[in-house]
Asks: 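Encoded as structure tokens, here's the structure I'll be asking about.
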Protein chains: 2
Amino acid sequence: MARKVRLHLTTPGPTNERSSLAEPPIEELGVSPDTVLLVGDLAKATGKTVRAIHLYEDLGLLRPHDRSKGRYRLFGPDALVRVRWITKLQSLGFSLSDIQELVRAQGDSESAKLAASRLSEVYLTKLAETRAKLDELRQLERELVESLSYLNACGSACEPLVPVHACPSCERHSESHTPDLVAGAQTH
Amino acid sequence: MARKVRLHLTTPGPTNERSSLAEPPIEELGVSPDTVLLVGDLAKATGKTVRAIHLYEDLGLLRPHDRSKGRYRLFGPDALVRVRWITKLQSLGFSLSDIQELVRAQGDSESAKLAASRLSEVYLTKLAETRAKLDELRQLERELVESLSYLNACGSACEPLVPVHACPSCERHSESHTPDLVAGAQTH
DNA sequence: CATAACCCTTACGTACGCGTGAGGGTTTGC
DNA sequence: GCAAACCCTCACGCGTACGTAAGGGTTATG
């Protein structure tokens, strides 16, 4: 269960963690900007395990705002944004050490402008890779569909006594040649 | 260099390895049905390493037709089909042990019909997974594009002296809220 | 103040898909 | 018949992203 505004924990300093003048973007309904999350809460909210959160911290990808008197990690709502960011990057094919590099590069950037241009560069490269991967997956999707339709004929036209090794001489598949995904399964 | 028709190697048996009556599908221009490949040839032709080929054999995914007098593995052209099949399955997200299971199930199928229906089942499931992955990747692609356009504004409108931590209060990005892929990089 | 349900650090274990030798035969081509 | 370029069989190593205890404090609740 996510606890809210755990201010009775030893949370030193002012009530609001960000003193930015701009209206802070409300992270989520029910998560106010001074919410404090324990590692378990953060884990549940992001679908990660506690172990994973710890790992991210060890790798420098994530930092708790603070610690409680008893050394509990205390996270703000921005940790949610951060962990979801990590997750999306992973889905895009970044390894955790790729992300480490990226975080370092962002941190080393003196100006926001430089940070933005570095981020753009990385994202632009990844966009190309992602599109390549999409093309590959779309092609494989087509091959799956083609194979399924090819195999459909086996379900209706083939006789139960025919053994697999007779497939190469099968006449029941119009003139279309055997899809790779089917041929590979027979070849052995 | 791929050698062809290495019949001077100890290749016992008749000249043609398949005596099927049907016209054998020519595997590739320059690869006739009685071509013999050594493991290195197979590796080069498929982009795999020799180690990988050995592994596939250990896992029961692949079998050399024969061995030379000196215990060299001798592969036929169907090994090409098989290795490419394995590669495509890997790209679809099958692990090698998934493929092991699949190969076992195919081999255990008495009839071609049963084998076909089992294969269909696996492919149908994988088709759904593939489409889900496609959806996810397409969404991430959109987010990359969105982030790049957002970051473009930083390159033109932002001042060189602005530090990264000032980004949350930036006014230069119309009303569109910060994309996750950008917000995550700033949150630290 | 007791107890359940958390949290802490440390550190070894796991699954996957090969990489990388070591030590030693085999083929081919000149 | 000799050297280069292959191939063989072990068998340990590696990078990634956590899993899984072990041993021991901390917090909220009654």
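In what follows, every heavy atom counts, from backbone to side chain, and hydrogens, waters and symmetry copies are set aside. The model shown is predicted, which means the values in this text are computed figures rather than measured ones. So that the names make sense, note that chain A is the first sequence line, chain B the second, and so on, each numbered from 1.
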Asks: For the pair made of CZ in A:R51 and P in C:dT9, what is the distance, rounded to whole Å?
Replies: 11 Å

Asks: Return the value, rounded to whole Å, for the distance between atom CG of A:L61 and atom P of D:dA17.
Replies: 10 Å

Asks: Mark yes or no for whether B:R67, through its side chain, and B:R73, through its backbone, hold a donor-acceptor pair below 3.5 Å.
Replies: no

Asks: Using only side-chain N and O atoms of A:Y56, determine if any of them is under 4.0 Å from OP1 or OP2 of D:dA17.
Replies: no

Asks: Would you please confirm or rule out a distance under 4.0 Å between OP1 or OP2 of D:dT9 and any side-chain N or O of B:R73?
Replies: yes

Asks: Specify the separation, in whole Å, of atom CG of A:L74 and atom C1' of C:dC6.
Replies: 13 Å

Asks: In terms of ring plane angle, is the pair B:F94 and B:Y123 parallel, tilted or perpendicular, where the classes change at 30° and 60°?
Replies: perpendicular

Asks: Do the charged groups of A:R138 and A:D135 touch, with an N to O distance under 4.0 Å?
Replies: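 The answer is yes: the pair qualifies as a salt bridge.
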
Asks: To the nearest angstrom, how far is A:I86 atom CD1 from D:dA17 atom P?
Replies: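 Value for this atom pair: 11 Å.
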
Asks: Does a side-chain N or O of A:S95 approach OP1 or OP2 of D:dG15 to a distance below 4.0 Å, or not?
Replies: no

Asks: Let me know the distance between CZ of B:F94 and P of C:dC16, rounded to the nearest Å.
Replies: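 The distance from CZ of B:F94 to P of C:dC16 comes to 15 Å, rounded to the nearest Å.
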
Asks: If I take atom CD1 in residue A:I99 and atom C1' in nucleotide D:dC18, what distance separates them, rounded to the nearest angstrom?
Replies: 14 Å

Asks: Would you say C:dA15 has OP1 or OP2 under 4.0 Å from some side-chain N or O of B:S97?
Replies: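 So the side-chain polar atoms of B:S97 never come under 4.0 Å of the phosphate oxygens OP1 or OP2 of C:dA15.
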
Asks: Look at A:Q100 and D:dA17 and indicate whether a side-chain polar atom (N or O) is within less than 4.0 Å of OP1 or OP2.
Replies: no

Asks: Whole-Å distance between D:dT9 P and B:Y72 OH?
Replies: 11 Å

Asks: Look at B:T49 and C:dG19 and indicate whether a side-chain polar atom (N or O) is within less than 4.0 Å of OP1 or OP2.
Replies: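 Result: yes.
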
Asks: Starting from P on D:dC10, measure out to CZ on B:R71 and report it in whole angstrom.
Replies: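 Result: 9 Å.
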
Asks: Do A:E129 and A:K126 meet the salt-bridge criterion of a basic N to acidic O distance under 4.0 Å?
Replies: yes

Asks: Quick check: on DNA chain C, is the nucleotide nearest B:G70 upstream (toward 5') of the one nearest A:H54, or the reverse? Name the residue that is more 5'.
Replies: A:H54

